[in-house]
Every structure is written in C-alpha cells, then in structure tokens.
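Each chain gets a letter, A, B and so on, in the order the sequences are listed, and its residues count up from 1. Any value given below was found using the heavy atoms of this structure, including those in side chains, with hydrogens, waters and symmetry copies removed.
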Number of protein chains: 2
Amino acid sequence: MPYIHDDTEECKDCHMIADVTENELIDLAELFKIFGDSTRIKILFDLFHGEKNVSQICEDLEMNQSAISHQLKILRTSKLVGARRDGKSIYYSLADEHVRMIIEMGKEHIEE
Amino acid sequence: MPYIHDDTEECKDCHMIADVTENELIDLAELFKIFGDSTRIKILFDLFHGEKNVSQICEDLEMNQSAISHQLKILRTSKLVGARRDGKSIYYSLADEHVRMIIEMGKEHIEE
DNA sequence: TCAACATATGATAATATATTCATATGAACG
DNA sequence: CGTTCATATGAATATATTATCATATGTTGA
C-alpha cells in the first residue's frame, strides 16, 4: 500500500500526508463512525446547548433511557463527551471544541 | 424534542442552532457514516494524492477489486468522489475541498 | 436501613453492513 | 465480431450495530 505506511518514517514516494499510518486511518474511521449514527449525533447536537443530564436528553430525543445510556457510553469511551455527577443525576457535556467543529464542517457540506 | 424541530421555523426556546431539523441531523449522520469505514477512508486518503483508477486503488489498498468497487459506489452515490472514464479505465477523484477538510478535522482531533 | 429515583449494564433479537464469489457490462483492438 | 482488459453488480455469508427488556448499581432522604 504505497501511500499508507506501517510507520511514520519519511516517505520517498509522496510528499503530502505520508505521515499517516494505517492504524491512524483506522482510528480516524473509528472516530467518524461515532458521528455516523443519528441517535448519537442528536445527543451531541442536544449538548450544543450546554450540559444536560440523562433524563433531559431522553426527553429531548423522545427515546428510552437505556438506549440513551448505551449511546452515551460510546460517546464517553470515545472521549467526545464528558460526564460529571451531581447528586443522583449525571450531567453530560461536549468534550471539546473539535466535536463542535467536526459537526459544523459536516453541516456545511450538506447545506450546499 | 425541544431542540430538534420538524421545520425550520424560528425557535422560541433556543437561539443557537435551532435551524437544524431532525431530517438534517439524519443526513448529517448519514454523511459521517460514509467516513466511518476504514476501507472508504483509505480510498479517500488515497485520492488525496490525485485521481486514480480502480486498479491503482486496489493495489494501493491491497484489496480485491469487487470490494473496492462496492465502496466506490457508496462514495459516488454520496457525492464524495467524482468519476470520469478514460478508455477502459475509470478515474476517481475527491469531489471537493470539504471532503479534504472533514478528514483533516478528524485527523486533528485524533492527534491530540 | 429501606424506598424511590437516576443511571448503567448484560443479554437478546432485529437490522444493517462489508466482503467474497460469480457473473455482467462496456471499451479497445486485432 | 470475438477476445481481453477494466469495472460494476447481484447474491450470499459473516459480522457489527442498535434498541429493548430486565436488572444491577449508586445516591438521596425518611
């Protein structure tokens, strides 16, 4: 695979983005996969408005609590959202500005 | 679903990105889903270097032609790549700069 | 401590997705 | 026109993913 290298050595054949290894590409696909589900993207979008607890997210998306929790776990594991406990509730929020930017970027693409 | 509206009317409850409808979010997830497969992202990445025909892509990714063609069809349908025929070969290329930017954005997120 | 509430988790079933194999289409050229 | 090369496509299988149901964990306050 000429342009996808096993390590991060300088590539003799190409000069653009030869520093991307196969594993990095797999990670990248993994990241986009997280955004590629409508429930998860609705959750992320819901969190654009600030932090929310699980019950609020369930109400907003009109979905059952278990489904939401399962997806929140995936988002947490991928470090796309953060969580903090306050009493019985757990509040979720977007992890960083990248999340916002990636979504905005996709939005722009679609809106054309 | 307070923050996800069925139409694009002005929202009374929120002021940020209330112009996103549920269908737009589904489209957005659909777009990210395309990037969320390692074969497709390798193809897109391969095309960063300029247009290539199917055989070249197969060689670069070390994958069989049918698998590549199936994924190219998905990329074509989603308008992420363009295709032109030259004799017996069909040359594929990235459709626009957004594709490049979305990938770069994800790459940045990962590299942190 | 126990009941009530909020959230997480495991198992299951339904659905979606990717790859492979076999074959079809389509172009070039003798 | 028939063969060869390049690509596309359909069917089948294997695998991954999601939502649901039932239940577990953890927190609060009586």
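At a cut-off of 3.5 Å, with distance as the only test, no side-chain donor of A:Ser55 or A:Glu59 sits close to an acceptor on the other residue. Judged by distance alone, the side chains of B:Tyr92 and B:Arg76 do bring a donor and an acceptor atom under 3.5 Å apart.
Taking 4.0 angstrom as the limit, B:Ser69 places none of its side-chain polar atoms (N or O) nearer than this to OP1 or OP2 of D:dT9. Contact annotation: B:Gln71 reaches the phosphate of C:dT19 (side-chain N/O to OP1 or OP2, under 4.0 Å). The shortest distance between the side-chain N/O atoms of A:Thr39 and the OP1/OP2 oxygens of D:dA19 is below 4.0 Å. Between B:Tyr92 and the phosphate of D:dA6, there is no side-chain N or O to OP1/OP2 separation shorter than 4.0 Å. Distances shorter than 4.0 Å separate some side-chain N or O of A:Ser55 from OP1 or OP2 on C:dT7. Look at B:Arg40 and you won't find any side-chain N or O under 4.0 angstrom from OP1 or OP2 of C:dT17.
Between A:Asn53 atom CG and C:dC5 atom P there is a gap of 15 Å when expressed in whole angstrom units. Between the P atom of D:dG10 and the CD1 atom of B:Ile74 lies a distance of 13 Å, rounded to the nearest Å. One atom, CD1 of A:Ile57, and another, P of C:dA6, lie 14 Å apart when rounded to the nearest Å. Per the geometry, CD belonging to A:Gln65 stands 11 Å off P belonging to C:dT9, to the nearest Å. Atom P of nucleotide C:dT9 and atom NZ of A:Lys73 are separated by 4 Å, given to the nearest angstrom. In this structure, CD of B:Glu30 is placed 16 Å from P of D:dT17, rounded to the nearest angstrom. For B:Met63 and C:dC21, the CE to C1' distance is 14 Å, given to the nearest whole Å. B:Ile68 places its CD1 atom 15 Å from the P atom of D:dT9, with the value rounded to the nearest Å.
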Practice task
Would you sort out whether B:Asp60 and B:Lys52 count as a salt bridge (charged side-chain N to carboxylate O under 4.0 Å, His left out), showing the intermediate values?
Solution key: CA-CA 10 Å; B:Asp60 290 349; B:Lys52 299 211 174 181; 2.6 Å; yes
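Within 4.0 Å (heavy atoms only), B:Tyr91 reaches no atom of the nucleic acid at all.
Classification of the B:Phe32-A:Phe32 ring pair by plane angle, with boundaries at 30° and 60°, yields parallel.
Taking every side-chain heavy atom of A:Ile90 into account, C:dT7 is the closest of D:dT9, D:dA19, C:dT7. For A:Arg85, the listed nucleotide lying nearest its side chain is D:dT27; candidates were C:dT7, D:dT27, D:dT7. Out of C:dT9, D:dA8, C:dT20, the shortest distance to the side chain of B:Asn64 is found at C:dT20. The side chain of B:Lys88 approaches D:dC5 more closely than any other nucleotide in the set D:dG10, D:dC5, C:dA8. For A:Ser89, the listed nucleotide lying nearest its side chain is C:dT7; candidates were D:dA8, C:dT9, C:dT7.
Stacking between B:His70 and D:dT9 is shown: the ring centroid lies under 5.5 Å from the centre of the six-membered base ring, and the planes differ by under 30°.
A single hydrophobic cluster is seen to contain both A:Ile102 and A:Ile74, as judged by linkage of ILVMFWY side chains at heavy-atom distances under 4.5 Å, directly or through other members.
B:Lys88 contributes atom NZ, which lies 12.0 Å from atom CG of B:Asn53 (distance to the nearest 0.5 angstrom).
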